[in-house]
2 protein chains.
Amino acid sequence: MQEQAIIKSSISKQIAEQLRNAIVSGRFKSGERLPTEDELATRYGVSRATVREALKRLAAQNLVRSRRGPAGGNFVNQPTHAELAESLSGAATLLVGLGALDIEEIVEARRTLQGGCLKLAVVNASQEQIQDVETALQLQKDPALSDEAFCDADVAFHRGLVDASNNGMVRFVMYSIIEALVPITNMVVSYVKDRREIIAFHEGLLLALQQRNEQGLESALDALLDYLMERFSVAQAQRKQHAS
Amino acid sequence: MQEQAIIKSSISKQIAEQLRNAIVSGRFKSGERLPTEDELATRYGVSRATVREALKRLAAQNLVRSRRGPAGGNFVNQPTHAELAESLSGAATLLVGLGALDIEEIVEARRTLQGGCLKLAVVNASQEQIQDVETALQLQKDPALSDEAFCDADVAFHRGLVDASNNGMVRFVMYSIIEALVPITNMVVSYVKDRREIIAFHEGLLLALQQRNEQGLESALDALLDYLMERFSVAQAQRKQHAS
DNA sequence: TTTATGCTATTTGTCTGACAAATAGAAGTC
DNA sequence: GACTTCTATTTGTCAGACAAATAGCATAAA
């Protein structure tokens, strides 16, 4: 005798999944308004609280956003690039934070995957995109930047580099690696000298991109990673000494 | 006069962020139990419903899991590889489903990034991992598989391939591309002939991996992608005809 | 002593009903 | 016509209740 495959997951989770499927499969179109929470509640035969828990699950994935008032409601959200980048960076920092990935792995991944990405970039980069990279670099040169701001500028520079690949999927993927590398940069940037070095590497990268010199790009990025790794292990050793 | 930067986001969202920070920064360790919902509610001075909405947001990101009963509660979740893959595949299918990425881009991304990944694989693959790939291929050969099961087996095969790189970050990243490619496979696998072709390509890939032949791996994967793209455009044209 | 059984306390899951806050649109006022 | 006020709608939050799961303890039976 075969029972109906008992359902272990909670109602709110199931509703979240149903709504998610409806959205991803296009039954609710992007930007469209879902039924009101009360309506969903009666439709699923549950309380509003349960529906809301389901909706919050979706909100956490940037799948819906909500507005109050008449004309308000829960809307299917077309995630912006910024939101996608955010959720990716969330996942990446989570992985690093929980120790599921170590620094060496991340650097190796960057080395491993950058080749193809740069190859695309030298072919596809538009003048405007090269300009964006240059702008990011200019911003990074400001000596008054706080450590945090310097890191942000660093991320912006590297994002610009992969943006130049003009491929949304590559960008999606490389963004997560860039984010995962932030902890390294963070440990290195506090010294003025290190900042200067990083900027010098970045100038080399920009130049190679402008000349659409793939070899140059790759060796420059490799050198930058070498430098970061070395400085990182130094900083780590110092920190360990401090701790003892 | 500068007010305290007005807070636009909802309380439950803020609480979710605070808890998230506490988890990522390690103030709650992996596997540890959070305070009970009642306790969190009183601690933050809000109702239990609000706390629950916050917790559900975190649950949606696989950051916490909950259990009922005494000894139950909300626990910090060390995301398993399966869960990570799931959330990634979620993001990827979302991107495809919402049309933020088109198929050509995804295939190009795969072509672009596979080189480095395969390079790692031929160097690092353990005997066991090669065995896993072989097992996945055997499973895929079963002619009784449903379309869906065939696709699952296909995903398992490709995952095995990138697992062989022995780099968690590369794996994380390539998984998302593999997932994003599922819709293509889905449109192609319904014909027996196409299945046979795919399996033939996979056999080529497996062989090249066993021989640690990087060139062979790359050309085989390129050929597979060529084949899929061609069959995909055919299927798409047919579907369009049907619709008219 | 060991095993089985049932009880109890604890914690999450869900429900109900209510009010607060935001806000679009209508109605009224100048 | 421009401005203000009112009203209805919808999400955000709250309070309290009960249901369901379950670990641990106590008790009973072998």
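Every chain is numbered from 1, with letters handed out A, B, ... down the list of sequences. The model shown is predicted, which means the values in this text are computed figures rather than measured ones.
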Legend entry - Nearest-Å distance for atom pair CD1/C1', residues A:Ile15 and C:dG13: 12 Å
Legend entry - salt bridge (charged side-chain N to carboxylate O under 4.0 Å, His left out) partner of A:Glu37, the single match among A:Arg48, A:Arg43, A:Arg68: A:Arg48
Legend entry - d(CD, B:Glu53; P, C:dT12) in whole Å: 16 Å
Legend entry - Charged N-O contact under 4.0 Å between B:Glu53 and A:Lys56: no
Legend entry - Of A:Ala49 and A:Gly72, the one whose closest DNA chain D nucleotide lies more 5': A:Gly72
Legend entry - B:Glu37 side-chain proximity, nearest of C:dG13, D:dT11, D:dT9: C:dG13
Legend entry - Any A:Asn74 side-chain heavy atom under 4.5 Å of A:Leu58 side chain: no
Legend entry - Side chain of B:Arg52 (C-beta onward), nearest among D:dT13, C:dA21, C:dG13: C:dG13
Legend entry - Gap between atoms CG and P, on B:Leu40 and C:dG13 respectively (whole Å): 13 Å
Inset, instruction - Hey, which sits more toward the 5' end of DNA chain C by its nearest nucleotide, A:Ala71 or A:Val51? - result: A:Val51
Inset, instruction - Take B:Arg67 and A:Gly69, find for each the nucleotide of DNA chain C with the closest heavy atom, and name the residue whose nucleotide sits nearer the 5' end. - result: B:Arg67
Inset, instruction - Please state how far atom CD in B:Gln14 lies from atom P in D:dT13, giving the value in whole angstrom units. - result: 9 Å
Legend entry - Listed nucleotide nearest any side-chain atom of A:Val46, set C:dA22, C:dC15, C:dT12: C:dC15
Legend entry - From D:dA21, D:dT22, D:dG12, nucleotide with atom closest to B:Ser10 side chain: D:dG12
Legend entry - Rounded distance in Å - CZ (A:Arg48) to P (C:dA18): 13 Å
Inset, instruction - Go through C:dG13, D:dA23, C:dT14 for me and flag the one nearest to the B:Ser66 side chain. - result: C:dG13
Legend entry - Heavy-atom check, side chain of A:Leu55 versus side chain of A:Leu19, under 4.5 Å: yes
Inset, instruction - Measure from the side chain of A:Ser12, starting at C-beta and using heavy atoms only, and say which of D:dA19, C:dC15, C:dT14 lies closest. - result: C:dT14
Legend entry - B:Thr50 side-chain proximity, nearest of D:dT13, C:dT14, C:dG13: D:dT13
Inset, instruction - Respond yes when some side-chain nitrogen or oxygen of A:Lys13 is under 4.0 Å from OP1 or OP2 of C:dG13, and no when none is. - result: no
Legend entry - Under-4.0 Å side-chain N/O to phosphate OP1/OP2 contact, B:Asn74 with C:dT11: no
Inset, instruction - Could you please name the option among C:dA24, C:dC15, D:dA23 that lies closest to any side-chain atom of A:Ser47? - result: C:dC15
Inset, instruction - Answer yes when A:Asp154 and A:Arg195 have at least one side-chain N-carboxylate O distance shorter than 4.0 Å, and no when they do not. - result: no
Legend entry - Separation of C:dT12 P from B:Arg68 CZ (nearest whole Å): 11 Å
Legend entry - Side-chain touch B:Val46/B:Ile15, heavy atoms, less than 4.5 angstrom: yes
Legend entry - Between D:dA23 (C1') and B:Arg33 (CZ): distance, integer Å: 12 Å
Legend entry - Closest to side chain of B:Ile11, choosing from D:dT13, D:dT10, D:dA21: D:dT13
Inset, instruction - Would you mind reading off the distance between A:Asp38 atom CG and C:dG17 atom P, rounded to a whole angstrom? - result: 12 Å
